[in-house]
Amino acid sequence: MSAKLSACFFSHGFSCLSNSSYKNTVDKHKNVYMRVLFLPSRQFLPAYCKMRQRNLSSNHKRQRMSKPPERIPTSAELLPIRDEESEPENSFPNGVDVEPFVNHETSGKDDVNTVIDVENIAEQNSGTLSASAGDVESTSEQIINGLVLPSVTKALAINGEQLSSMQLEDLVGMIKNAERNILVLNQARVHALEDIHKVLDEKETLQGEINILEMRLAEADARIKVASQGKIHVEFLESQLEMLRNELTDRGELELYENQKKFSNEELLSTHDDHSLNKEVDSLRTENLALKNDIQALKSMISNVKNTDERMATLENECSFLGSSVKELESKLLVSQQDSPKSSTLKVEYQELWEKVENLQQLFDTATKQADQATLVLQQNQDLRKKVYKLEKSLEEVNVLKVSSDKMQQSNELIQKKIKLLEERLQKSDQEIYSFVQLYQESLEAFQDTLNSLKEESKKRTSDALVDDMPREFWSRLLLTIDGWVLEKKISNSDAKLLRELVWKKDRCIRDAHIACKEKNEREVISTFLRLASSQASPGLYIVHIAAEMAPVAKVGGLGDVVTGLGKTLQKKGHLVEIILPKYDCMQYDGIYDLRALDVTVESYFDGKLFQNKIWVGTVEGLPVYFIEPHHPNKFFWRGQYYGEHDDFKRFSFFSRAALEFLLQAGKKPDIIHCHDWQTAFVAPLYWDLYAPKGLNSARICFTCHNFEYQGTASASELASCGLDAQELNRPDRMQDNTAHDSVNPVKGAIVFSNIVTTVSPTYAQEVRTAEGGKGLHSTLNSHSRKFMGILNGIDTDAWNPATDNFLKVQYSANDMQGKAENKAATRRNLGLSSADDQRPLVGCITRLVPQKGVHLIKHAIYRTLEMGGQFVLLGSSPVLHIQREFEGIANQFQNHEHIRLILKYDESLSHAIYAASDMFIIPSIFEPCGLTQAKA
Ligand code: ADP
């Protein structure tokens, strides 16, 4: 159908031109059409049809009015591309709405004309046409019904995806076709312009002729005018003559005669006039006739000119139409080029690539040449190098001795410099060590002195119990009695030993017992002596710890561990140990056994008033503990946390005084009151200033500072709340802070007022006596060095023994480490960490998250461990809000991570599990007074 259509268009458009070249062109374009027919897209059809129609109609018009064009019409290239089985005219692929392109109304005018033209042509050429009129009609219908105007480019744009799939070649071919079309159109346009110029020339000559004719016409008109005026004059004269004749007949003969005479003269004259006039009229008439003919000729010429004008207008219309068509085609081409960027880009890329390939080829050629040259040069170079190498070798050999001696000298100098530096450093460190040793010796001596004086004191006390008022026989008999009981197996050897010692010491109690038993039988005497022996078995001290922490019920850090561990150890050694703690709401109450409130209250002073304190008792880890619950409106220990409250100074100064008040009111006579850290440092000045004078004077005060970082410094006025004389104590040699003089420093007060001051390791004791380590207290510590010493912390080996630790899944020991692997597996499971690889090391970290502990290094360690293929577990919490938040962020980040877990709380049992499970432990502290962590780990 489309083949027919195209053939029909060509026949219709050009068969009437009877030019053989057209036949060739038609054949040629048939080929073009046949080639284009294979293009997959039908979307180009309508635009081609439109072009075809326009050109066809304009060509046809031109054909009708002037000579046939010598060139091929532009539309020849723009054949419609359709296939027979085309879809309904308005339906386009990919659901594209064709409506904008099928403007029946607007296109109708043009297209109807076109159809008429086509029909005219069909009529004119019916004999030569291969297509029937029906074909033409149907073609026209198609043109009108839908294949009107959708542009190639629009279709391209719409169906960009299809386009992309089109073969580049087809697209390039199409673009070339379009370019050719434009070329042909341009040629046609030039041709049309030439025609126009010719017509214009023709028009100009005609205009000239018209002008001459018009001039002649004007002349003739003027003459006619004059002639008609003359004729009017003759007619007027004739009418007058007639009138005169009539008058003559009316008057007499004489008169008639006279008149006739007169008149005949006049008549003669007028006849003469008339005659000449008639002549003139006749000539004018002939002239007039000629003029009329001329005018007729002119009119026909003018109508010819008008026809020429019309032709010109048509030509101009055609020309402008051609121009607009060209423009349209150009814009379409532009759009098609824009809409097919891929193809153009591909084209450009292809060209660029080709250029590059060519360039590369050139480069390759030159490179090959250069390589050849380089190989040559290389060979030459190698030869040269060999020569140079040989020369160098021989030169080296010559220089070797020289160089080696130079080098030796240089390195000698360097070594000497290093030795010097090392010597200097050694000297410095020697000096440091010497000063440390001196300090240590001093403190040791001071401690020894204190210990000796304490020993002497206690000796003195015991000597008071000794008697020397009995004869030697008495003591000897007593010894013999004891020995007899041993031999008779009435008492044990150990009891006998104790009793013998009492005898040797001439102890008053054994003398008294013996005197009292004079009347009793042997059994009664033996039991009395055995009681005495058992009472002698405990030569210990009565030690009361007043502290803010105690593991595991109220523990924040190492302090809690030390209080419990030391208390238990002293207890084991036979000392009577008691602990006084605040009754916190947040304690681990399940670690307290037999907790009960005593039926007494203790009143203590604070802020000028007396406050009731409820006393609770219970045992923790086998140690007797007193818990003080102040009935103060501020609910000092009902805060949900141990430290970090705005009124910590008040809270703990209150507690310190209440603890001493309890000891006083309970009538206790401890040998040692041991206070810890700044929270209970108030005990020392309170004891000596207020409670010793009140009668609580049996004790000596021991103060242990677990970390000089925390000193509890506050405004001096705050001191008065607990009843201390702020003014008296705010002095440089008492409680005044060494850097802020309007502040008091509880730790400094404890150093000044305690009998013995200790810290958690000998090294730390030395460190804090330096300006860098003392945190402002080094001078105070140095001036009290005789009573200050470091005692290395230990751990509670009952609590931290994996062979007996009940917190662990499986117990293990150094001899059998199998249980450690099982603990690792259990902890991984418990924390949701991957257990896929047994060998993947587990890194543990249990710490308070404070800057001192190197939190930034902990963070780094988490990521580094992950990077190195390990697993990381952190157990810790922070009193510093922003640090807590930061670690919460990291914890969230690794919430479900298979290798990282952060547990941000205090958890005693989990800490045991982690210590047991970890393969490695990190303690990245900036400074560490002692560190129980490594001992536990
Ligand atoms: P410090 O006293 O400065 O906190 P130490 O290393 O002397 O440091 O003591 C800290 C102790 O507290 C360690 O034994 C550690 O196991 C324990 N610990 C710290 N944080 C926690 C926690 N979140 N849960 C359980 N134990 C903890």
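Counting convention: from 1, in listed order, for ligands and their atoms alike.
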Problem - Nearest protein heavy atom with distance in Å, relative to atom 24 (N) of ligand 1 - result: Asp907 N, 3.1 Å
Exercise for the section: Assess the side chains of Ser761 and Thr763: does a donor N or O sit below 3.5 Å from an acceptor N or O? Expected result: no
Handout entry: Ring centers of Tyr584, Tyr642 separated by less than 6.0 Å
Key = yes
Exercise for the section: Keeping the roles fixed (side chain from Gln811, backbone from Asp805), state whether a donor-acceptor pair exists under 3.5 Å. Expected result: yes
Handout entry: Nearest neighbour in protein (non-hydrogen) for atom 7 (O) of ligand 1
Key = Leu932 N, 3.4 Å
Problem - Minimum heavy-atom distance Gly618-Ile592, with the two atoms named - result: CA-CG2, 4.1 Å
Exercise for the section: Check ligand 1 against Asp561 and write out every atom of the ligand that is under 4.0 Å from a heavy-atom position of the residue. Expected result: 11 (C), 14 (O)
Problem - NZ/NE/NH1/NH2 to OD/OE distance under 4.0 Å, Asp671 and Arg700 - result: no
Problem - Protein heavy atom at shortest distance from atom 14 (O) of ligand 1 - result: Lys936 NZ, 2.5 Å
Handout entry: Heavy-atom proximity to atom 22 (C) of ligand 1, best of Trp800, Tyr915, Tyr906
Key = Tyr906
Practice task
Please verify whether a non-hydrogen atom of Gln934 lies at under 4.0 Å from ligand 1.
Solution key: no
Problem - Residue Lys905 vicinity, atoms of ligand 1 by number, heavy atom under 4.0 Å - result: 22 (C), 23 (N)
Practice task
Please assess Phe652 against Phe637 for the test ring-ring contact (aromatic ring centres under 6.0 Å, His included), listing each intermediate value before the final yes or no.
Solution key: CA-CA 9 Å; Phe652 289 103; Phe637 301 108; 5.7 Å; yes
Problem - Check: Arg848 N/O within less than 3.5 Å of ligand 1 N/O - result: yes
Practice task
Mark yes or no: Lys428 above the aromatic ring of Tyr434, with NZ or CZ under 6.0 Å from the six-membered ring centre and no more than 45 degrees from the axis.
Solution key: no
Handout entry: Member of Glu898, Arg828, His897 meeting the side-chain hydrogen bond (donor to acceptor under 3.5 Å, both in side chains) criterion with Gln871
Key = Arg828
Practice task
Output the list of atoms in ligand 1 that are nearer than 4.0 Å to some heavy atom of Gly876, sorted by atom number.
Solution key: 23 (N)
Fill in the blank from the handout: Hits for side chain to side chain contact (heavy atoms under 4.5 Å, CB included) against Lys572, two or more places apart or cross-chain, chain-then-number order -> Asp798
Exercise for the section: Just need the protein heavy atom nearest to atom 9 (O) of ligand 1, so name the residue and atom and give the distance. Expected result: Gly558 N, 3.2 Å
Handout entry: contact_flag Gly931 ligand 1 heavy-atom lt 4.0 Å
Key = yes
Problem - Gln852, His706, Lys853, Lys555: member with heavy atom nearest to atom 12 (O) of ligand 1 - result: Lys555
Completion exercise
Closest heavy-atom approach to atom 13 (C) of ligand 1 among Ile846, Thr933, Ile914 is made by Thr933
